[in-house]
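Written out below as structure tokens is the structure these notes cover.
Protein chains get the first letters and strands the later ones, always in sequence-line order, with residue 1 at the start of each.
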Amino acid sequence: MGAAALVPVLILVTTAVVIAVGGAGRAVGDRFPSAGLAWLGALVSVLACLRMWGHRLRALGMVDADAFSLFLSLLVLFALLLTVPVAKESLARQKLEQPAFYSLLLLSAAGMLLLVSSRHLVVIFVALETMSVGVYALTGWARDRISSLEASVKYFFYGAFASAFFLYGIAFFYVVSGSTDLAGIEAALLARGHDLGALPVVALALLLVGFAYKIAAVPFHMWAPDAYQGAPTVVTAFMAVAVKTAAFGALLRVTGSLLTLGEEWRAVLWVVAVLSMTLGNLLAIVQDDIKRLLAYSSIAQVGYLLVGVIAGGVAGRTAALFYLLGYSFMTFGAFAAAIALGRRGEENLSIRSWGGLGWTHPLPGVAMSLSMLSLAGIPTTVGFVGKFYLFGSAVGEGYIALVLIAVINTLVSVYYYLRVVMVLYMGAPVPHPGMHPLGLGLRLPLLVSSLATVVLGILPGPAMALARRAALELF
Amino acid sequence: MGLLTFLILVPLAGSVMVGISGRWAHWPRRLALSFSLVVLVLAALLWARFDPAQAEYQLVESLRWAPSLGISFLVGVDGMSLFLLLLTAFLTPLSVLASWESIQEKTAAYYALLLVLESLMMGVFLALDVFLFYVFWEAVLVPMYLLIGVWGGERRIYAAIKFFLFTMGGSVLMLVGILFCYHLQDVQTGAPSFDLRLWQGLVMSQDTQQWLFLAFFAGFAIKIPIFPLHTWLPDAHVEAPTAGSVILAGILLKMGAYGLLRFAVPLFPEGARTFTPAILTLAVIGILYGALLAMVQPDLKRLVAYSSVSHLGFVVLGIFSFDVAGVEGALFQMLSHGLSTGALFIMVGMIYDRRHTRAIEDLGGLKKSMPRFAGVFLIVLLSSMGLPGLSGFVGEFLVLLGAFQTAPPFAVAAALGVILAAIYLLWMYKRVMLGEVKNPANDHLPDLSRREGMILLPIVILILWMGVAPGTFLRPLDGTVERFVSRTPSGALEE
Amino acid sequence: MIPVQHYLVVSALLFLIGATGVFFHRNLVSIFLCVELMLNAVNLTLVAGSRSVGNLEGQALALLVIVVASAEAAVGLAILIALHRKRETINVDDQNLLRY
Amino acid sequence: MESVVFYFLAGVSILMALVVAGSRRPTYGALALIVCFCAVAGLYALSGATFLAAVQIIVYAGAVLVVFLIVIMLLDLRGETSFKERTGALRWAAMLVGVMLLGLMGIAFDGLPSLPTDEGVAGTAAAMGNFLLTRYLVPFEATAILILAALVGATWLARRS
Amino acid sequence: MGNASRLLPLIPLIPGISSLVLALFGRAMGRAWAGRLASGAVGASLVLAAIVFADVTGAAPGQRAITVQLFEWVAAGSFHARAALVLDPLSSIMALVVTGVGFVIHVYSQGYMVGERDIGRYFSYLNLFIAFMLLLVLAENLLFMFVGWEGVGLCSYLLIGFWFERETANAAGMKAFIVNRIGDFGFLIGILMTFVVFGTVSFAEFLPLVPTQDARVLNAIGILLFVGAIGKSAQIPLHVWLPDAMVGPTPVSALIHAATMVTAGVYMVARTAPLYAEAPMALGLVGAIGAVTALLAATIALAQEDLKRVLAYSTVSQLGYMFLACGVGAFSAAIFHLVTHAFFKALLFLCAGSVMHALAGETNIRKMGGLRERLPVTYRTFVMGTLALAGIPPFAGFFSKDEALWSAFREGYFLLWAAGLAGAFLTALYMGRLWILVFEGRFRGGSETAQALEESPPSMTWPLWALAAGSAVVGFIGIPHHSWIETFLAPYLAVKSPRPSSFYLEASLMTLNVVIAAGGLLLARRVYSAEPGLPETMAKEPGRLHRLLREGYRVDALYDVLIVRPVLLLSRVVLWRAVDRSLVDGSINGWARLVRVGGEGLRLSQSGNLRLYLFFLFAGVMALLGWMILGTTWAS
């Protein structure tokens, strides 16, 4: 009953508290190294995670540090490590930098870590809410910008409404099994067999609604474009990467555990996946705001990810986990590049105004292009390898039609992803008042995510092995 | 790491160097030329080391890549790929030279992309691991997309995206096929692998073969391109910079035919057999259709593009004749087309450099001031229309010979394309080169410069060589092609 | 004793009234109230379940839900206040700057 | 006796819920919700969850909802009526969905076997405290993180810039 | 014949190399040396050809064929085609004719083309032509022959279009090449079929196998190969290119479009004679096409006003005679006529060239007349050529034409014979017309031209004499019943022995021929001498028939309406605009548009209204639960 498995979470929380307390009351511009602390906290947490790899620790009967949770925790923490410097630089531009921001970032990351580390629905619920509450606030962080607040409101209400359903699902599971632990539920359901009627599947369906909303799968996606667009870009990046990763991890855990509930949920997810990729891609095509485009794109990406969940098995889960890893880097790279392309004094999110910027701004240009190519699934990027294995696992399980739909969707998506590259490198230059100079806080994350996108695309082996290990330790 | 790996890595290393050299004005193109020449030397070395007597893959190199997934860096060469590799190595330096003056902006990126492209094309022809192949196959699109989109003509963006989407449209279907084969391999042997040689042992039902063949075929057919999936080609050609067109026509299209030879047919012979009549029909339609359309094109590049559609129809016809002569003819035609069409694009580029137009109606009487150019142009045209003694004839003849043995009506219909080729090419020559100089802008144009002569001379020599002594290029094919034909359903059309 | 099913039905009724009620309001606070009602309905299920299955988990979870709901309320109301300050309205239909 | 109390409380809570759902003024809604919560608290107590009932009344009805009321006052929402503009379609559609969902739930509940009514757990303060600090330590402590996050977030958002 | 085998490859090689040298350095060489090099090269070939010819004649009758293998050319699968030369009586005689006439014309060109800018290029083409022509006649197999076959076509194209700034020349060159290609299409298929049937394309290998094959197959091959011959030898219906080709330099017309290249079809048929001998239908077609062409082309020649066009149609007609002879199985007669025709038709063209030289390029015979005194050499040689062509003994044409017609009669092809006879009359008529209009009467051209009239330089006149001499004497190699050429060729043409026939019949028919020819000449003299204004009148008020003939039965117009325009229309409007742009591209762009429109439509769902979002969630939950519950309930 040691609490070692909780160490990464505790590190984050402690750091958050330190920042919140230390930074409280200090005026803006006061030199309190909150970003540095946050980054350090995340780094220590990463180290803690790495230290626990391979030990399969369990804390207090509810939190596991198995390979699965550590893999996802590391993903979240990587996102955090990338987010913090970008936040420092981009928020400073908008005069929104506050210690509280990092504190919130760390607290919601702590929620994410818990979310992916538990087999217990109660923990999952509380963690989900922790994560959400933090992100709601972060979304509205630019409280002087109406769009930020509107995004926050929409996100919040949609989330509250959806989590009620999610909770209802937990309650139903509890009613029929007397347990809120995935293993306990599974055991009870196995024992009672079919005489419970439809309530268990209702419970599962309601849980799926909760996850589907969180990962922004169609038809529970509608908050996402608005929230992504309105939130400060760095928050959007964090949201798109970390929140999705964490929620997806939990979804994998749940669908991987409740196997007695038949195969109906696969059919449901099949439809959800197809809808997600199709709708996401179709809507992304007509966007001009990069954040909104990426929002729809990430809806489509969720569709692809779900292919792995539907395929199931070790292969499917490995593929999904690996894709999540790749997705994190490529998506973060895209958002960071969008920030880096900002003009002096304002964000510059309309793709149309990016004509020729790829040549004048090589690093953001290359990073954005690589992200786009990777999201489109072009080889030598991680997006390709990821899709390859996602679809491969589905083909292996006989989901040919699903894969066909998915690859055709990939084709549609190429159109808008390439459009970004096209504007960057082939568009006519648009006159503008000069760009914001790039600091290290953006350069490094850009470099890291670009490198990761390519390196993971060329040498997927080691990361794939980790993902496989994680998939094996899901149970 | 052996020779084959170097063929892939040297241009890649070159592209990095070129990319870095951007701040010194003339270095990118010099470096690019040197690196591409080094690759040419390596390719020549490969030819020297190649043993024509051996039918199997040679100089095979294998590196562990992602063993748990059955992916390896597996490369090898046989008769089919040998000359395509040589062609790639040959055309790249020429493309660099062809861009020497005409590319003035962003030269470092341009030449770097050209070298990346070379590396990837080498990879396509070398890969024996299907995953590796697919990686190269798809990745080729990116540098080409950029070459067209950044350095292309007026409608370059439309053309670039069209090129990308078309070709990717086919290859995603192929991807599904690959995944399915991989799954079969996993199930049947218990060891996941992408090794092409192992895949040939897969057991498949007739139905499965048909579907898989279609999936692979979709990927390759668009690249070739086979009618009616060809409409990306004219646009891409017209808008691409000269070097882009050269490589596109010279090598990229061949990748499709190569894919058929290397993958689609040998892996799914029964599937191939089912669709042979349909494919032959499409090939013949392509031959005639491409030729007829080439006849009425107002733009030189567009004309050459449609002529490619026609010529590649012969290649497909030859492949699906499943006859040694036919397949060798198809391979020969691929090489010959690479040279002659490459030269045509280069020369159209030279005209463009002088006149800044490619519209046939703006030209005329160029021979007066450019006699040497006109002479070389004519030789290339004659080769393209299959005049005996030049490279084009041998390929076309062998293709027709092969097709005539297994599918006579198709061969006869295809032979009509030979007539049409003469019509559209000579008509074009007449309108561009001959006649009075009506537009003063066409007078007093400089004839071939030394650099331009250096580009064209090797091509002309090869065209003659291939026409007069085709044995040099046919003999190394024998073993490989016989192996290929032995795997195809004999008498595919007898039923 | 009252059968558990009765609790479930009451809870479902409350839940659905809350859920449907969301669509009867344009005022975000009122909508929020409906969501609170939904959470409470779930709690009723949990408590009833707790009695039925014979452990405290349900009640404990219900307690946590109350905590969660208050935390949500804090953030939600803070957002509404900020919004109201900026826009002078918290009518849901006015929040359509972000769309399509 | 017990069933009378049950049906009374259930009736009150449903009635109040309807008021919450349908009232034009947020103030009425908030007040009705308080009553509703109290009735539900009664149902908790009826099921033996006495501690929870107390918390419900004290914390939920007594504190949280009062905050709601305060916010309503603060934002001066009296003037804004919910029903001012009636765009009925969505409401009716939602009602339709609600009714259908109720039907579906009914089917699901109908499929349940008769569950045991009372296994005799008492949610006294002591029991709950014990339970939360042992078995449910992790989620319980996790709520601390949640509250901290809510605190930090709400502080930033609600503060005048 | 060991000597010959060593020398043989040099015969085509020397002009080939010379051509290359001229192409590369012709400009630097200077005009005089270019001509000398070219003529010298052909001269050398001529000498070698004569040597090997002597070798062949010197050998025993059964051992007159040798093969010289150069290298393996195309080999793939079971297909082999060697680059090899064959020397036998047929090819040796052809080589001699080609190099002989070629040499003469090269020399003539040096005078005729004086003052041309690009003389090096001209001689380069001409030498290249000789090389390809020699390749054609010496080739050991069909495919290698095809190299020469297409090669001479190329040279023809290049030389017709030599004056590339003239629109008509370019059009004519292109037309020649393309019409030839149409014929070559048949030829190519014939080669393919030969290989498929016999497994080889070598003459020496497949001809002996002919008897083993079914006549239907042989007919098919024969007809296909003959399609090639139709194109190359300008037979109806592919004759249209030859008259147009006359816009090229006149020596070229003489060499390529009269003496050598156009006879390649005849040579090819003779070369594969054993096959045609066993393919009655194909042979019948050869004869029929030949006869029809002989007659119709002659009628057209009657109404032409262009000196060279008359001769061109005459060539078409005479080639018809050769095919006629082939068609009745008299292959040696065909070759005989080929040889004699080479001399006198080349002569006539060179005379025409000489006339044009004097008249500053004028070719319209209405503007000539009375040239007899001013151009005595030209006149005399022209008359000799005319008499030879008309078939007046003892000139060469008499013997060969008589041989052809007699063969037709003897073998029972009376219809062909009658057509040939009628053609012979017409031949005499149009040649008489030409004679009178060009050389007799008064000069009708401008007075300035009249004063400048003078005979051509020696470099042009001595070739005239040489060819005239040839025209006069060559016929004696084929004196009936003592025909050297027939005995020389017969064993290698594998012809069945002629039907027995009466000597008197033969003699009387011979007389008839002479009478007919003389009649034609005399009629022309009567008509055109008596009425010098007749051509003008006819040009101004042409009768319907005259107009039809002048326009060559309007075949060109017919092709234009039936083939050229429809094909262009089909390509431009139907295939390009309708199919390629609208249908194929349109449907694909349509998909793209559909995707976009779909996106535009769907984005409206994301209206920005939170209530709507929540409703979608609510409805989604309902759908999901409905699916799950009803699915589970019904399943159980």
Side-chain angles (χ1 to χ4, degrees), chain C residues 1-10 12-14 16-27 29-30 32-34 36-37 40 43-44 47-48 50-57 59-60 62-64 66-75 77-82 84-85 90-91, chain D residues 2-3 6 10 13-14 17-18 20-22 26 29-30 33 36-37 40 43-44 47-49 52 55-56 59-60 64 67-68 71-72 75 77 80 82 90-91 94-95 98 101-102 105 109 112 115-121 123 127-128 131-132 136 139-140 143 146-147 150 153-154 157-158:
Chain C
M1 291 296 272
I2 311 295
V4 177
Q5 266 91 339
H6 289 207
Y7 280 98
L8 293 184
V9 170
V10 171
L13 269 170
L14 288 174
L16 290 173
I17 290 169
T20 314
V22 164
F23 302 96
F24 278 63
H25 295 283
R26 287 163 193 284
N27 182 321
V29 176
S30 296
F32 203 175
L33 289 176
C34 291
E36 293 291 337
L37 181 58
N40 215 254
N43 274 359
L44 188 55
V47 170
S50 169
R51 194 173 61 140
S52 162
V53 302
N55 63 33
L56 273 178
E57 282 197 39
Q59 294 185 30
L63 189 74
L64 296 183
I66 293 175
V67 177
V68 167
S70 12
E72 266 192 359
V75 173
L77 291 175
I79 294 171
L80 287 182
I81 288 168
H84 190 268
R85 183 183 300 135
I90 51 166
N91 187 325
Chain D
E2 198 189 339
S3 45
F6 174 80
S13 63
I14 289 169
L18 285 173
V20 172
L33 196 60
C36 176
F37 280 6
V40 172
L43 290 176
Y44 291 169
S47 305
L52 201 62
V55 171
Q56 168 100 343
V59 177
Y60 216 162
V64 177
V67 173
F68 269 86
V71 170
I72 291 167
L75 301 187
L77 294 180
E80 284 186 33
S82 297
L90 201 59
R91 278 191 304 138
M95 259 170 85
L101 263 175
L102 192 64
M105 296 277 205
F109 293 152
L112 280 178
L115 298 166
T117 353
D118 192 357
E119 294 290 321
V121 287
M128 285 292 281
F131 188 82
L132 281 173
Y136 263 38
F140 183 70
T143 53
L146 171 65
I147 290 170
L157 285 168

Given a strict heavy-atom distance threshold of 4.5 Å, which part of [X] is in contact with chain C: side chain, backbone, both, or neither?
X: Val20(D); answer: both
X: Leu132(D); answer: side chain
X: Phe68(D); answer: both
X: Leu33(D); answer: side chain
X: Phe131(D); answer: side chain

For Glu72(C), check salt bridge (charged side-chain N to carboxylate O under 4.0 Å, His left out) against everything at least two apart and list the hits.
none

Between Ser70(C) and Tyr60(D), does a side-chain hydrogen bond (donor to acceptor under 3.5 Å, both in side chains) hold up when you go through it step by step?
CA-CA 8 Å; Ser70(C) 12; Tyr60(D) 216 162; over 6 Å; no

Can you tell me how far the [atom1] atom of [X] sits from the [atom2] atom of [Y], to the nearest 0.5 Å?
X: Tyr136(D); Y: Leu63(C); atom1: OH; atom2: CG; result: 11.0 Å
X: Leu33(C); Y: Ile72(D); atom1: CG; atom2: CD1; result: 5.5 Å
X: Gln56(D); Y: Ile66(C); atom1: CD; atom2: CD1; result: 5.0 Å
X: Leu14(C); Y: Ser13(D); atom1: CG; atom2: OG; result: 4.5 Å
X: Leu8(C); Y: Phe109(D); atom1: CG; atom2: CZ; result: 5.0 Å
X: Met95(D); Y: Leu16(C); atom1: CE; atom2: CG; result: 12.0 Å

Taking the side chain as every heavy atom from C-beta outward, state whether Leu18(D) and Ile17(C) have any pair of such atoms under 4.5 Å apart.
yes

Stepwise side-chain contact (heavy atoms from CB on, under 4.5 Å) check, Leu75(D) with Ile90(C):
CA-CA 9 Å; Leu75(D) 301 187; Ile90(C) 51 166; 4.0 Å; yes

Under the 6.0 Å and 45° cation-pi test, does Arg91(D) pair with Phe24(C)?
yes

Which portion of Leu56(C) sits near chain D, non-hydrogen atoms under 4.5 angstrom:
both

If you apply the rule side-chain contact (heavy atoms from CB on, under 4.5 Å), what do you find for Tyr44(D) with Gln59(C), and how did you get there?
CA-CA 9 Å; Tyr44(D) 291 169; Gln59(C) 294 185 30; over 6 Å; no

Can you check whether Ala158(D)'s main-chain N or O pairs, donor with acceptor, with Arg85(C)'s side chain at less than 3.5 Å?
yes

Within the distance-only criterion (no hydrogens, no angle test), does the side chain of His6(C) pair as donor or acceptor with the backbone N or O of Ser3(D) below 3.5 angstrom?
no

